[in-house]
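Just below is one structure, and these are the notes that go with it.
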Amino acid sequence: MHEYVVQAVILDREPFREFDNRVTFFTERLGKLSGKSVSTRKITSKLAAHLEPGAFVNMRFVEKSGLQIVDSLTSRRLRAAPPDLHALKELLPEGEPEPELWNLLKTDKFSWREALRILGWDPNGAQCATCGKTAVAFHAPRQEMFCAACASKLPPGQVLYW
Ligand SMILES: [Zn+2]
């Protein structure tokens with residue numbers, strides 16, 4: 001059984017089975033991963049507080065029918081907002097390191113302008129996919145850029161402004 005000890009940023013946490021969670025986290029060398037945390041929805045769980053989106057943690061996990069998080073300790077909370085971290089989770093590929101993005105999060109300098117540039121959708125000089133005006137936002141599901149007027153017609157939860 002492989003065991004890993006990593007620093008990680010908690011991106012998202014979803015309920016899984018009756019008492020467990022499925023936690024998505026981002027690491028320096030292994031990129032985005034997700035794993036199960038057992039019993040973290042029980043009120044007595046000490047681990048739960050250390051698996052909240054935005055926590056910068058020291059984590060231990062094992063490979064055991066998927067990944068299982070066995071320990072996590074928060075060293076600090078990052079300034080990146082949970083909705084942004086959730087959106088980042090949707091954009092990041094599984095298991096691919098993104099060292100520049102890691103540094104951006106770790107140094108608390110997260111912005112969509114920088115994050116999108118790192119991930120290959122450079123906002124600088126980007127034009128609206130609909131009307132050609134200067135783009136101000138990224139629509140994650142379509143992976144296209146939009147100006148303010150066109151972006152306002154899209155579902156708000158899917159649009160990332162820089
Ligand atoms: Zn437009």
Side-chain angles (χ1 to χ4, degrees), residues 4 6-17 20-37 40-41 47-59 61 66-67 69 72 74-162:
Y4 299 82
V6 295
Q7 283 191 319
V9 175
I10 308 297
L11 297 178
D12 199 29
R13 183 170 74 175
E14 297 155 296
F16 180 66
R17 298 215 188 101
D20 305 344
N21 282 112
R22 180 143 205 92
V23 179
T24 306
F25 53 97
F26 181 57
T27 67
E28 183 173 20
R29 289 203 200 126
L30 305 166
K32 180 186 86 171
L33 297 172
S34 65
K36 164 175 88 157
S37 61
T40 43
R41 289 168 68 212
L47 187 53
H50 299 280
L51 294 172
E52 285 177 2
F56 189 84
V57 301
N58 293 304
M59 179 191 283
F61 65 86
L67 302 185
I69 298 165
S72 180
T74 308
S75 60
R76 62 199 169 91
R77 291 203 55 86
L78 298 178
R79 284 186 11 230
D84 286 337
L85 295 170
H86 177 84
L88 206 51
K89 168 197 137 180
E90 303 289 324
L91 286 178
L92 283 172
E94 192 94 11
E96 281 182 33
E98 291 284 355
E100 236 191 312
L101 183 67
W102 172 259
N103 281 330
L104 196 69
L105 285 164
K106 194 181 169 182
T107 55
D108 257 336
K109 288 180 183 143
F110 180 83
S111 72
W112 279 115
R113 179 177 285 280
E114 275 302 295
L116 289 169
R117 183 189 61 73
I118 291 165
L119 296 173
W121 296 286
D122 194 350
N124 294 311
Q127 295 177 323
C128 177
T130 306
C131 72
K133 285 184 191 158
T134 302
V136 299
F138 180 75
H139 184 246
R142 280 164 62 180
Q143 304 192 348
E144 287 180 325
M145 315 279 197
F146 292 94
C147 73
C150 296
S152 70
K153 293 171 195 149
L154 298 164
Q158 301 178 352
V159 183
L160 311 170
Y161 290 86
W162 59 77

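All figures in this text were calculated on a predicted structure; none of them were measured in a lab. Order of appearance sets the numbers: ligands from 1, and atoms from 1 within every ligand. The chain is numbered in sequence order, starting from 1.
Heavy-atom minimum distance, T40 versus D20: OG1-C, 4.2 Å.
In R113, the CZ atom is crowded: over 12 heavy atoms of neighbouring residues, nucleotides or ligands sit closer than 6.0 Å. Environment of CZ in R76: crowded, with over 12 heavy atoms of neighbouring residues, nucleotides or ligands closer than 6.0 Å.
Between the side chains of H139 and E144, no donor N or O sits under 3.5 Å from an acceptor N or O.
The Zn ion (ligand 1) has C128 SG, C131 SG, C147 SG, C150 SG as its protein N, O or S neighbours under 2.8 Å.
Ring planes of F61 and Y4: parallel class, angle under 30° (limits at 30 and 60°).
Partners of W112 by ring pair (Phe, Tyr, Trp, His ring centres under 6.0 Å), not counting sequence neighbours, listed by chain and number: F110.
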